[in-house]
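In what follows, a single structure is set out as structure tokens and then discussed.
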Amino acid sequence: MKLIPKNTSEDYLEEAEVQSFNMKDYFLRYLKYWPYFLISIVIALAAAFIANKFVAPQYKVESKFLIKDDNPNTGILDLTGLATGRRYAPNQLSNESITMKSKPMARGTLERLDFDVEYYSTDQQIPIEIYNNAPFEVEVDWEHSQLTGAYINITWDNPDSYILELSEDIYYKYNPETGRTIEYPSPFIKMKAFPFGKWLEVADLKIKISHKENQQLPTGEYIIKLRSLNSLVSQYTGDNLQVFPMDPTASILGLSLITKNSQKGIDYLNQLMDIYLEYELEEKNKLASNTVDFIDNQIAGVSDSLGFIENRLQNFRSSHKTYNIGSEGSAMFERISELESTLAQHKFKKEYYQNLQDYLTRENYNEIVMPSGLGIEDPILNTLIENLITLQSDKSRLLVTLTEASPSVKEVNKKIRDLNGSIREVITNAGKNTDQVILDLQNRIVKLESEFSKLPFTEQNLLRIQRQFAINESIYTFLLQRRAESAISLASNTTTNKVVEYAGPGSIPITLPYLTNYILAIIAGLMIPFAAITLIYMFNQNIKDLKDAEKKLSVPVLTHIGKNKYKSNLVVLNEPQSGITEAFRALKTNIHFISPKEKQVTIALTSSISGEGKTFCAINLASTFSLNNKKTILVGCDMRKPKIFGDFEINNDAGLSTYLSMQSHDLSSVIQSTKYENLDILVAGPIPPNPSELLVSNHFELLIRELQTKYDVVILDTPPLGLVSETLEILQLVDLTLFMIRYNYSKIPFISEINKLKNKIGQPHLYAVFNDVADKELTYGGYGYGYYKEDQKKSLIDKIIGKSSRNVGL
């Protein structure tokens, strides 16, 4: 037996090193499936195109709003010293942005807009909202439960009556007592005509549908949707409304709203800015209004007293015929009146301090009156109260989006409590000082009254009445003056902020939803086949990635053999122009390269399991050698499943089994010649009961040695290595072993067994051949470009996606 020297292919059989991750190879793994990616993307884009036909267009409307600090010195008139506006914190723009997006602001805006009924046209593929353009109007009784949140069809074929249909399966029932909505199955409404202009009350629905003036259409079909105020507030405080600074160096806020009806969005933004300015002016006028109300209450009591005393004075003069006071009494009257007027003003201050103390105790800061508005010029007290009102305003802003438990609100509450204590301390001290002044004035008045008793009795009574009248008149005059100043300040207040640019027409549909759908379609078109291919690679244990398999193999790969698309397994003999024939020629050349100096060679073909194509490859490899004028014999060693005889149309009555079992002693009697020159066949013969014993016997080894003396090439078609044990014994008798790996059939774990056969068992001259490889995986020259015969028969679709015809014969 001739064996190849071990060192002839030592370098070629070096075990492949473990290579790191190669992005290029990873990319090429998926690139070969590009037709599937292309088809997937085209289908996804078509689906996105169809979906966009059923998406209502969206519009973006914008406006600009100026936020600026309120300077008290810019007021038109300030006679009272009242603060004319709010003081903003450094994060002013952020606060105002949150306020504009707050639910109270949205609720106030929506209460002035007729958004509770949405009207839709049915002229297009999907319902399109028609704001203010419907030929009828719907009035909703929100004191009654209503079906909201879903479409209600309105149709009519005459201008007198209409038919109402609940077309959705699920509606949302609005409860007017709680203001909430709950999911509600569509109730049944009998199909009948309802008159226009009259209230309709059926199935938790109370509405009145009327034609607009001069728009009584003879026929029509529209859709309406009822919207509760709470659902509208949630919609218009969501992500569709954005409030943002236009520039870091400016205090202008930009407002943008994404809406399905541009005019509706314009109306909302404009109304929102107007409501904001009204709220701002209302907050600025709060102090002046509190001052006017407080003075009005005081004036009412003084006015009654003044009128009563005036009547008493007239009656006294009439009854006593006394109209003039003597010079001494007149001088005394003037001194006492002056003191009593001053005393009345300090008593007024004392009363204010007591009221302010009560407000602070009850923490009722909304009714506080600024001291300066009542003529109390205490700079410390005025500043403290102004700061308290500012903090209370800041707290109100924070509570729009936060709760009492939030850290920001807790911090403001702490500051308010500290200011409350400071103000109460100042009030206590001011009250003590006022009490001392009042006591001093009262003592001085008492001294003057002792001199007053020396006057005549009638003159004393007249002076007493005149004193009461003078005191009330001076207080009344003082209060009227303060009220006039407060009223002027109230009337002169204007909003600090202003609208820079109202939202207006000219909005065009934004393409973002459509573009997003196309982008998502492309992503889906890429990800679906990518995920499918990845899952196939993960869960399919069949060998499909040849490059990856070759990297894992510790043995060299001699060639790749394509799919057999012919009816016969004798491809080399019958189809010399085919790509498969060229692959076997390449295999023969590589074998000569491995053993260039050897004249005779013995080759065994094996595999891990049955069905990997070793018989097909053995037949065609033997045919290739015979066509190269090499005297070749093909031995069928798989006596459990004999096959070769059928392809060559010879009998299997006698063969290897009969010779090894000594039923035939003449080797030439069991070798059959074929109709092809230089090619003989030793078939497996009848299936014996003990094939393993026959193959491992000395008689089989002697047979191989004898064949080697008669033939240039001996090819053994052995049983699968993974199923029987005798194959390992056979491999010790050959010069080289070809291990067949079938594409998309052999399992990935088989590679480990092949490596084990080489590295651990010590089978050095072992080589791999990939069989039944898909066209797109073939790499030998010319294949797939119309060079070989089978390429000319392939259809365009087959060439694009590499569609396989039938599997290679086994």
Side-chain angles (χ1 to χ4, degrees), residues 12-22 25-26 28-30 32-33 530-563 587 603-618 637-638 640-641 692 716-732 734 736-774 776-779 804 807-810:
Y12 193 56
L13 292 173
E14 285 288 334
E15 183 175 355
E17 295 182 357
V18 177
Q19 298 185 10
S20 61
F21 175 78
N22 190 319
D25 292 341
Y26 191 79
L28 292 176
R29 171 190 292 182
Y30 291 91
K32 62 189 177 184
Y33 297 101
F530 179 85
I533 294 170
T534 302
L535 289 175
I536 290 173
Y537 273 103
M538 290 176 59
F539 296 103
N540 184 9
Q541 291 295 304
N542 294 346
I543 295 175
K544 296 188 70 175
D545 191 329
L546 299 186
K547 290 185 178 181
D548 185 60
E550 290 182 19
K551 290 179 182 179
K552 294 178 180 178
L553 276 170
S554 296
V555 301
V557 178
L558 293 185
T559 191
H560 298 164
I561 299 173
K563 288 181 175 293
L587 176 60
I603 305 171
L605 282 79
T606 188
S607 63
S608 296
I609 59 174
S610 178
E612 292 182 289
K614 60 180 177 54
T615 300
F616 168 78
C617 292
C637 298
D638 192 354
R640 292 178 178 83
K641 296 178 66 176
S692 296
L716 306 181
D717 179 19
T718 66
L721 186 63
L723 300 178
V724 297
S725 59
E726 65 269 17
T727 303
L728 282 176
E729 300 292 336
I730 298 175
L731 299 185
Q732 304 303 316
V734 301
L736 60 91
T737 303
L738 301 182
F739 205 103
M740 311 308 300
I741 302 174
R742 184 177 175 184
Y743 176 82
N744 199 24
Y745 183 84
S746 300
K747 305 299 181 183
I748 294 176
F750 292 174
I751 295 177
S752 299
E753 297 301 323
I754 298 172
N755 294 339
K756 180 180 178 182
L757 182 64
K758 174 185 181 296
N759 299 324
K760 294 186 178 180
I761 298 178
Q763 189 67 31
H765 308 296
L766 181 64
Y767 303 89
V769 174
F770 282 101
N771 180 39
D772 196 31
V773 179
K776 62 179 178 293
E777 299 286 349
L778 292 174
T779 58
S804 62
N807 290 337
V808 67
L810 303 175

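- Evaluation of the side chain to side chain donor-acceptor pair (under 3.5 Å) rule for D717 yields K614, T615 as partners, not counting sequence neighbours.
- Between P720 and E612 the shortest side-chain heavy-atom distance does not fall below 4.5 Å.
- Take E729 and apply the side-chain contact (heavy atoms from CB on, under 4.5 Å) test, not counting sequence neighbours, and it matches V696.
- Side-chain contact between D772 and F616: absent, with no pair of heavy atoms (C-beta onward) separated by less than 4.5 Å.
- Looking only at atom types and distance, the side chain of R742 has no donor-acceptor partner in the side chain of S608 under 3.5 Å away.
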- Query: Should V734 and I603 be marked as a side-chain contact (heavy atoms from CB on, under 4.5 Å) after you check the CA-CA gap, both sets of side-chain angles, and the distance that decides it?
  - Reply: CA-CA 6 Å; V734 301; I603 305 171; over 6 Å; no

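- A search for side chain to side chain donor-acceptor pair (under 3.5 Å) contacts involving N542 returns N540, K747, not counting sequence neighbours.
- For T737, the side chain to side chain donor-acceptor pair (under 3.5 Å) criterion is met by no residue, not counting sequence neighbours.
- Put simply, CD1 on I533 and OH on Y33 are 6.0 Å apart, with the number rounded to the nearest 0.5 Å.
- To the nearest 0.5 Å, the span separating CD on E753 from NZ on K758 amounts to 15.5 Å.
- The closest side-chain heavy-atom distance from V769 to L605 is not below 4.5 Å.
- The side-chain heavy atoms of Y745 and N771, taken from C-beta on, include no pair separated by under 4.5 Å.
- Partner V773 forms a side-chain contact (heavy atoms from CB on, under 4.5 Å) with one of I561, T559, N744, L546 and no other, that one being L546.
- Once rounded to the nearest 0.5 Å, the distance linking CG of L766 with CG of N755 reads 9.0 Å.
- Between T606 and L716 the shortest side-chain heavy-atom distance does not fall below 4.5 Å.
- Taking CG of L553 as the start and OH of Y767 as the end, the distance is 14.0 Å to the nearest 0.5 Å.
- A search for side-chain contact (heavy atoms from CB on, under 4.5 Å) contacts involving A549 returns I543, I751, F770, not counting sequence neighbours.
- With sequence neighbours excluded, no residue forms a side-chain contact (heavy atoms from CB on, under 4.5 Å) with S752.
- In this structure, SG in C637 is found 5.0 Å from CD1 in I730, a value given to the nearest 0.5 Å.
- Considering all non-hydrogen atoms of both residues, K563 and A774 come closest at CE-CA, 4.2 Å.
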- side-chain contact (heavy atoms from CB on, under 4.5 Å) assessment of L757 paired with V555: CA-CA 10 Å; L757 182 64; V555 301; over 6 Å; no

